[in-house]
Number of protein chains: 2
Amino acid sequence: MTTTENAAIHTIEQPSIAAGHDLIESGLERDALVTVFGRCTVDYDGRASSQLDAGDRHVMLKPDGTTLVHTDEGQQPVNWQPPGCEHAVRRVAADDGTEELVLETNRSTPAERLLVRFSTVRQISAFSGTDESDLTLSGTEEDLRTRILDEPELLGTGFTPLATERETPAGAIDIYGEDSSGRAVVVELKRRRVGPDAVSQLRRYVDSLGRDLHADASIRGILVAPSVTDRADRLLAEHGLEFVSLEPIAE
Amino acid sequence: MTTTENAAIHTIEQPSIAAGHDLIESGLERDALVTVFGRCTVDYDGRASSQLDAGDRHVMLKPDGTTLVHTDEGQQPVNWQPPGCEHAVRRVAADDGTEELVLETNRSTPAERLLVRFSTVRQISAFSGTDESDLTLSGTEEDLRTRILDEPELLGTGFTPLATERETPAGAIDIYGEDSSGRAVVVELKRRRVGPDAVSQLRRYVDSLGRDLHADASIRGILVAPSVTDRADRLLAEHGLEFVSLEPIAE
DNA sequence: TGATAGATCTCGGTT
DNA sequence: AACCGAGGTCTATCA
């Protein structure tokens, strides 16, 4: 064991089932981040269900209830369980008489269970640490909104923003405003190149606002994004919607 | 170091910068899965950009180029880099004169860079293993499609599937068929409860097929999902589209 | 390489 | 707890 200023790591390699069980249990107890590397099968049942035959994988148990099972490929875990679950460790007699280490992560809404059965455990670690920092992220849709609110004429001379997140029966409009001739304008923002879905979204808001204001034909819809696909461009034209090319940030 | 039947683990705790650098470098060289736990800052620049101040985090480098930075909370990594990137390890002189261990993961399309700077490294591990297994997953949209193709009358007496993934100018229809009176039917499948977006998707296909067949009014659109939200239900009604409640699998 | 849509999407905000 | 939309979404498939 190693301790350094509030941070502790407990690690064992090639542990016995008993020792492994105890280290994981104590790690969960202490709200440590626990990792287990070894040969395991994985079974999931819940919103969907899956099975995975034996292989060497890296399993992470977080104190918030998250479980992640990673292979050596892919950004996404091959299996997982989201935050809010309950972890459990068990020693279980396997079919062949040997003992297995079993990790189980459960939740009730929706009912879901992840079972990781280790035939061989190569390493177990329990990490404690502190992380008070928050991520600062730029280049988001909100940055694009700020940019337009700071300089509304980017959407045409005379555009005046009147509200953000304006509610309609179809959902909230990113930016609601009016143009120089007083026509209502619905603005939908996307931080990246968009396809047909974004056009449909804009169309729902324009239609809905039209019914709300009893002024169907006179409402403009503007999609603001770096670019659009061909199909999206065609859809925009079909429905009389407009496009303005803008990125979240000049950088 | 521990070796067991093709699987090897190299681990060091509280390593010097030099020793840590060498272990990571050799691990990357051997296509191992490398993990580093310690106090670090994280900077990302690419499609967006982000900064994260110092904290204790778990970093995973996969041989396919993936990088994952995990805190003790959340299913998603606080920072990451997708597969296909290039990993690099460096020893860098910090502002205060000490030496830092720096992990850098790069890619070119799009240009993106992730920089993880460790002021303190608590543990480094390099895992080698084998995983030949593929996940078998059920409860997907494809299972729902199979269920309907096996028993088409689930969508009404006389429904006849004619094609899957039938192309229209607006995209591919999940199931294309006709009803007992010979009317064309567009079926959109969702494995779970759906909102307005799925209705718009179905609408795009129905509209597009209508133009293609020059038979606008006579085409039926059926959304198949476990359930719909209120707003989606209203949208369906507005556009004369239908809903059939079905789940992917009886289980 | 780009486009399109699925995903056990996750996550945050709001009702 | 459900709904809604954003996301550096990622991932698979197909042109």
Side-chain angles (χ1 to χ4, degrees), chain A residues 44-50 66-69 73-85 107-114 135 137-145 165 167-168 170-174 188-198 201 204-205 227-233 248, chain B residues 44-50 66 68 73-84 107 109-114 135 137-145 165 167-168 170-174 188-198 200-201 204-205 227-232 248:
Chain A
Y44 157 74
D45 195 58
R47 288 165 290 176
S49 68
S50 70
T66 301
T67 299
L68 302 170
V69 182
E73 286 187 334
Q75 176 173 337
Q76 297 306 128
V78 65
N79 275 114
W80 70 91
Q81 207 65 283
C85 296
R107 66 167 171 166
S108 50
T109 48
E112 290 196 304
R113 187 174 75 144
L114 183 70
L135 186 77
L137 179 66
S138 66
T140 64
E141 182 180 303
E142 190 182 341
D143 294 317
L144 180 54
R145 170 167 53 216
E165 301 298 317
E167 286 296 336
T168 76
I173 296 170
D174 283 340
E188 173 61 30
L189 307 174
K190 295 294 173 192
R191 69 167 301 280
R192 61 172 191 172
R193 181 172 173 86
V194 297
D197 53 337
Q201 194 183 341
R204 290 200 300 272
Y205 299 152
S227 57
V228 294
T229 66
D230 283 353
R231 231 174 237 174
D233 202 34
Chain B
Y44 157 75
D45 195 58
R47 287 166 290 176
S49 67
S50 70
T66 301
L68 302 170
E73 286 187 332
Q75 176 173 337
Q76 295 305 128
V78 64
N79 274 116
W80 70 92
Q81 206 66 292
R107 66 167 171 166
T109 49
E112 291 196 302
R113 187 174 75 145
L114 183 71
L135 186 78
L137 178 69
S138 65
T140 64
E141 181 179 305
E142 191 183 341
D143 294 318
L144 180 55
R145 172 167 52 216
E165 301 298 318
E167 286 296 336
T168 75
I173 297 170
D174 283 339
E188 174 61 30
L189 307 174
K190 295 294 174 192
R191 69 168 302 281
R192 62 171 192 171
R193 182 171 174 86
V194 296
D197 54 336
S200 289
Q201 195 183 340
R204 291 199 301 271
Y205 299 153
S227 57
V228 295
T229 65
D230 283 353
R231 229 172 239 175

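No hydrogens, no waters, no symmetry mates; every other heavy atom, side chains included, goes into these values. Letters go in sequence order (proteins before strands), and every chain restarts at 1.
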Stepwise side chain to side chain contact (heavy atoms under 4.5 Å, CB included) test for A/Arg231 and B/Arg204:
CA-CA 11 Å; A/Arg231 231 174 237 174; B/Arg204 291 199 301 271; over 6 Å; no
Do the side-chain N or O atoms of [X] get closer than 4.0 angstrom to the phosphate oxygens (OP1, OP2) of [N]?
| X | N | value |
| --- | --- | --- |
| A/Tyr205 | D/dC4 | no |
| B/Arg204 | C/dT4 | no |
| A/Arg193 | C/dG2 | no |

Of the nucleotides D/dG5, C/dT4, C/dA5, which has the atom closest to the A/Gln201 side chain?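 The nucleotide sitting nearest to the side chain is D/dG5.
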Taking the side chain of A/Thr109 as its heavy atoms from C-beta onward, which of D/dC4, D/dA1, D/dC3 lies nearest to it?
->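 Ranking D/dC4, D/dA1, D/dC3 by closest atom to the A/Thr109 side chain puts D/dA1 first.
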[X] [atom1] - [N] [atom2] separation (whole Å):
| X | N | atom1 | atom2 | answer |
| --- | --- | --- | --- | --- |
| A/Glu165 | D/dC4 | CD | C1' | 11 Å |
| A/Asp233 | C/dG2 | CG | P | 18 Å |
| A/Leu189 | D/dG5 | CG | P | 14 Å |
| A/Asp230 | C/dG2 | CG | C1' | 10 Å |
| B/Leu144 | C/dT8 | CG | P | 14 Å |
| A/Leu68 | C/dT8 | CG | P | 15 Å |
| B/Asp197 | D/dC4 | CG | P | 9 Å |

Item to check | Integer angstrom distance from the P of D/dT11 to that of C/dC11 | outcome: 15 Å
Does the [X] side chain pair with the main chain of [Y], one donor and one acceptor, at a distance under 3.5 Å?
| X | Y | answer |
| --- | --- | --- |
| B/Gln75 | A/Thr66 | no |
| B/Arg191 | B/Gly139 | yes |
| A/Ser108 | A/Ala111 | no |

Mind checking if [X] touches a base, just sugar-phosphate, or nothing, with heavy atoms under 4.0 Å?
| X | result |
| --- | --- |
| B/Ala232 | nothing |
| A/Glu73 | nothing |
| A/Ala111 | nothing |

Heavy-atom nearest pair, A/Glu188 first then A/Ala198, reads CG-O, 4.5 Å
**Q.** Side-chain donor-acceptor contact under 3.5 Å, B/Ser200 with B/Asp197
**A.** no
#### Entry: Short side-chain donor-acceptor distance under 3.5 Å, A/Tyr44 and A/Gln81
no
Per-nt protein contacts along nucleotides 7-15 of chain D (heavy atom under 4.0 Å; B base, S backbone sugar-phosphate only, - none) come out as SBBSS----
